[in-house]
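Below: the structure, in structure tokens.
Chain A is the first sequence line, chain B the second, and so forth, proteins listed ahead of strands; every chain is numbered from 1. Worth saying up front: this structure is predicted, and the values here are computed from it rather than measured.
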2 protein chains.
Amino acid sequence: MAAQEQVDLLFHALADATRRDIVMRTMQGEHSISSLARSYAMSFAAVQKHVALLERAELVIKRRQGREQLVRGNVEAIRDVHALLDQFEAVWRSRIDRFGEILATDWNEGGTT
Amino acid sequence: MAAQEQVDLLFHALADATRRDIVMRTMQGEHSISSLARSYAMSFAAVQKHVALLERAELVIKRRQGREQLVRGNVEAIRDVHALLDQFEAVWRSRIDRFGEILATDWNEGGTT
DNA sequence: ATAATCTACAACTATATGGTTGTAGAAATG
DNA sequence: CATTTCTACAACCATATAGTTGTAGATTAT
């Protein structure tokens, strides 16, 4: 899969509150799909679809233990997204540097809100 | 709009290569919708839809200048996404701290790759 | 004044997505 | 061994999305 498609998938996977919650829970510790499914007001199959999408986005990793699949969050993928956002910010910063807009530094840049 | 819906929108807006490119270009400097549209192999109306979605996600800001709308990137929204990702990483870190897995610290944590 | 450019949106189409129900196999439990 | 639990996926439906074409008004250029 091309890099851009993987990036599409990463952001798309996080564009849903249920999936974000699954990632958050599995960052804390491993969960089976059934135990995850018990937390959401939707069918088991729906949760399973969410987990499958998260796996394709490499935001979670599954490992089988007997009849159960245990799911754990993958912090490396979060760091990948982080790095992409850093690129956006770097472009914005280079714009300020280029124009040398002194007023720009008055924009609460990284400061108090 | 609820906070979670806005987060959905933010990640969804970034889940498309064309929209990411629009954000990147407008982080560098203001562009009219027409000048943006000339960069992509799709209709003007399609690009306009993308810009509208980015505006709803607050990733870009529009200002009218005569008959043109000038679009500029909004780094604050990028920082909002950043902060969300930091929360995921914080949860992952607290898991490591809780278990006190010494081996975990050998995982190139924040170090050389 | 007229033509060109820019923008906005409606209506449409094809595809993708989110969730459900149903079926079925593997493993754990009693 | 029988039952229960867990998982995987197909087929379906309703809704959302991505892009197109067409129409129209506002602004700028000639």
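For the pair M42(B) CE and dT20(D) P, the computed distance is 7 Å after rounding to whole Å. For D16(B) and dT15(C), the CG to C1' distance is 14 Å, given to the nearest whole Å. Atom CG in D8(A) sits about 13 Å away from atom C1' in dA16(C), given to the nearest Å. Straight-line distance from the OH atom of Y40(B) to the P atom of dT20(D): 14 Å, rounded to whole Å. Remark: C1' of dA27(C) and CD of Q65(A) are 12 Å apart, rounded to the nearest angstrom. Look at CZ on F44(A): it is 17 Å from P on dT23(C), rounded to the nearest Å. Atom pair L14(A):CG and dT17(C):P shows a separation of 15 Å (rounding to whole Å applied). Between the NE2 atom of H31(A) and the P atom of dT7(D) there is a distance of 13 Å, given to the nearest Å.
Using a 4.0 Å heavy-atom cutoff across all strands shown, Q48(A) reaches at least one base atom of the nucleic acid. If you check every strand for non-hydrogen atoms under 4.0 Å, S32(A) touches sugar and phosphate atoms only. E68(B) comes within contact range of the sugar-phosphate backbone alone, with a heavy-atom separation under 4.0 Å but no base atom that close.
When the side-chain nitrogen and oxygen atoms of S43(A) are compared with OP1 and OP2 of dT21(C), none of them lie within a distance under 4.0 Å. Close to dA27(C), at under 4.0 Å from its OP1 or OP2, lies no side-chain N or O of R64(A). At dG19(D), one or more side-chain N or O atoms of H50(B) fall inside 4.0 Å of OP1 or OP2 (strictly under the cut-off). Between Q69(A) and dC6(D) there is no side-chain polar atom (N or O) within less than 4.0 angstrom of OP1 or OP2. In terms of phosphate contacts, K49(A) brings no side-chain nitrogen or oxygen within less than 4.0 Å of OP1 or OP2 of dT7(D). Contact annotation: K62(B) reaches the phosphate of dA8(C) (side-chain N/O to OP1 or OP2, under 4.0 Å). Taking side-chain N and O atoms only, H12(A) has no distance below 4.0 Å to OP1 or OP2 of dA16(D).
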_side-chain contact (heavy atoms from CB on, under 4.5 Å) for R79(B) and E89(A)? Distances and angles first, verdict last._
CA-CA 8 Å; R79(B) 288 174 175 160; E89(A) 186 147 359; 2.9 Å; yes
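Exactly one residue among T18(B), V71(B), V75(B), L54(B) makes a side chain to side chain contact (heavy atoms under 4.5 Å, CB included) with V23(B). That residue is L54(B).
Remark: side-chain polar atoms of Q69(B) are paired, donor with acceptor, to backbone N or O of R64(B) under 3.5 angstrom. Side-chain atoms of R19(B) do not come within 3.5 Å of backbone N or O of L14(B) as any donor-acceptor pair. Proximity of a side-chain donor or acceptor of R72(B) to a complementary backbone N or O of I61(B) within less than 3.5 Å is not detected.
When each of G66(A) and A15(A) is assigned the nucleotide of DNA chain C with its nearest heavy atom, A15(A) is the one assigned upstream, toward the 5' end.
In terms of heavy atoms, L36(A) sits closest to H31(A) at CG-CB, 3.6 Å.
Considering only the side chain of R19(A), dG18(C) comes nearest among dA18(D), dT7(C), dG18(C).
Between the side chain of R67(B) and the base of dT5(C) there is at least one donor-acceptor pair of N/O atoms closer than 3.5 Å.
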